[in-house]
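Start at 1 with the first residue, then count along the sequence. When a ligand or atom number is given, it counts from 1 through the structure's own listing order.
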Amino acid sequence: TETGSLSIVVLGASGDLAKKKTFPALFNLYRQGFLHPDEVCILGYARTKISNDELRNRIRGYLPHGKGASNDQAEDVSKFLQLIKYVSGSYDSEEGFRSLDKEISAHELLKHTAVGSSRRLFYFALPPSVYPSVCKMIKNCCMNECMIRLHRGLDALALWTPRGSDIGADRGGWTRIVVEKPFGKDLESAEQLSTQIGELFDEPQIYRIDHYLGKELVQNLLVLRFANRFFLPLWNRDNIDNVQIVFREDFGTEGRGGYFDQYGIIRDIIQNHLLQVLCLVAMEKPVSLKPEHIRDEKVKVLQSVIPLKDEEVVLGQYDGYTEDPTVPDNSNTPTFATMVLRIHNERWEGVPFILKAGKALNSRKAEIRVQFKDVPGDIFRCQKQSRNEFVIRLQPSEAMYMKLTVKQPGLEMSTIQSELDLSYGQRYQGVPIPEAYERLILDTIRGDQQHFVRRDELKAAWEIFTPLLHRIDRGEVKSVSYKPGSRGPVEADQLLERAGYVQTHGY
Ligand code: BG6
């Protein structure tokens, strides 16, 4: 009998991202039964000449194994590794990609894949410089239309497919590519890359991954905002004073200095991860949950952001950053940035959205802080420091809490600030929270683009930052220094204060 088959190709299989994120995510999907051995094969592809077993051993180190792993887990690891094969080749030679196609086709034949129902997923765990050539190679050598060739020989009619379309889409077949950031370095390079890839693949085949969109509490944002009567009337400039979206890491560039120095914190974190979160916090209610409806609203937010002002940007670089031998001594690349984004629309006019990201700080944390305005005509003489604040902690220890003013328990009529607290670890004890990559890879298999970045969204995101980035690259905007393990430059706290943020009590 004919069945479907699913071939997952991990390009850049011996690299860091593949080992640390992609393969472990595939393993978790396998364990939960989403990747069935009757259908699936996983193919690693990279330049290094190694055997199947060598790749498997490299991956094994990143999966639960050895001490602490249960027997079940160890057995699952072995079975999972057996699904993986390796093909070596360069990223710009047809030869390598033809061998890859041969492997995929052999798998499809083995699984008696029906004509038109082969599914091929190509995951780019690669530097973006090779994206165009890899896309070309896939298009020339590895599209699922090859199945048709195998079944029918070289029948000209059978080979004809409209450009980039999925042959057999009506029978469940497809070819999809998943591309990682950094997607370009500025507006122009990103648009050029989009055009090059767009000539080969259609938008529904392209999954631009931003792993922050796969985080549990980021996925929760739309539910929170649009399924709760509490928030609907409050979520606007009349009630909200300022919004902060913060990313901190307590380690530096650690061995990634060479990569990082070319990009810096704005391209690495703010232009993608934090901006995506901002979109979900600020967007209007979409017509429905269809990916296009959601992404339409996100684009509108991005297009409403007005140009950044120099006095609302603080850049920092931690002391010792340039000691990394792969970083030039005179590097001006920021490892820290705080900036105020302003959205020019009816809902948000006048509300600062403060984006803050930094490496080598005093803690590792990502959170959203929505700070409300003071209560007008206050009769309790509350301090300014008792403003209402709604905090969504994305990591670590997912939580949401609402800071509010209550009567201090006791005989006196005085107020204190307290919290309504929903900590996931307590409330959903024992419920595993999936890894971002796990969820997003499953989406690519299911064909759901809701949590992926559309081309126009990417363009609008680059438009916001490109002028500033160019000025930083030219050395016209300088980074100030800060001590590793600190809160970052004091100038950033001063900017926060100027933007209206008030440090509240507690938590
Ligand atoms: C990546 C950045 O996209 O995100 C890294 O390139 C950063 O610099 C990482 O460390 C942070 O991801 P997470 O999920 O650990 O917050």
**Q.** For Phe247, the ligand 1 atoms whose distance to one of its heavy atoms is below 4.0 Å
**A.** 11 (C), 16 (O)

Q) Distance from Ile42 atom CD1 to Tyr123 atom OH, nearest 0.5 Å? A) 13.0 Å

Q: Identify which of Glu249, Glu254, Lys21 has a heavy atom lying nearest to atom 11 (C) of ligand 1.
A: Glu249

**Q.** Contact atoms of ligand 1, heavy-atom distance to Arg364 under 4.0 Å
**A.** 15 (O)

**Q.** Nearest neighbour in protein (non-hydrogen) for atom 3 (O) of ligand 1
**A.** Lys181 NZ, 2.5 Å

Q: Output the list of atoms in ligand 1 that are nearer than 4.0 Å to some heavy atom of Asp268, sorted by atom number.
A: 2 (C), 5 (C), 6 (O), 8 (O)

Q.
Checking Tyr207 now: which residues fulfil ring pair (Phe, Tyr, Trp, His ring centres under 6.0 Å) with it, not counting sequence neighbours?
A. Phe452

Q.
As an exercise, identify every atom of ligand 1 less than 4.0 angstrom from a heavy atom of Lys359.
A. 5 (C), 7 (C), 8 (O), 10 (O)

Q.
Below a 4.0 angstrom heavy-atom separation, can you tell me which part of Tyr212, side chain or backbone, both or neither, approaches ligand 1?
A. side chain

Q. Quick one: which ligand 1 atoms are inside 4.0 Å of a heavy atom on His211?
A. 1 (C), 3 (O), 4 (O), 12 (O), 13 (P), 14 (O)

Q: Answer yes or no: does atom NE2 of His344 have more than 12 heavy-atom neighbours from other residues, nucleotides or ligands under 6.0 Å?
A: no

Q. Roughly how far, to the nearest 0.5 Å, is the OH atom of Tyr321 from the OG1 atom of Thr333?
A. 4.5 Å

Q | Nearest-option assignment for atom 14 (O) of ligand 1, heavy atoms, candidates Gln395, Arg267, Lys215 | A | Lys215

Q: Taking the six-membered ring for Trp and the full ring for Phe, Tyr or His, determine whether the centres of Phe336 and Tyr482 are under 6.0 Å apart.
A: yes

Q | Flag if over 12 foreign heavy atoms under 6.0 Å of OH, Tyr259 | A | yes

Q.
Under 4.0 Å between a side-chain nitrogen and a carboxylate oxygen: does that hold for Lys403 and Glu419?
A. no

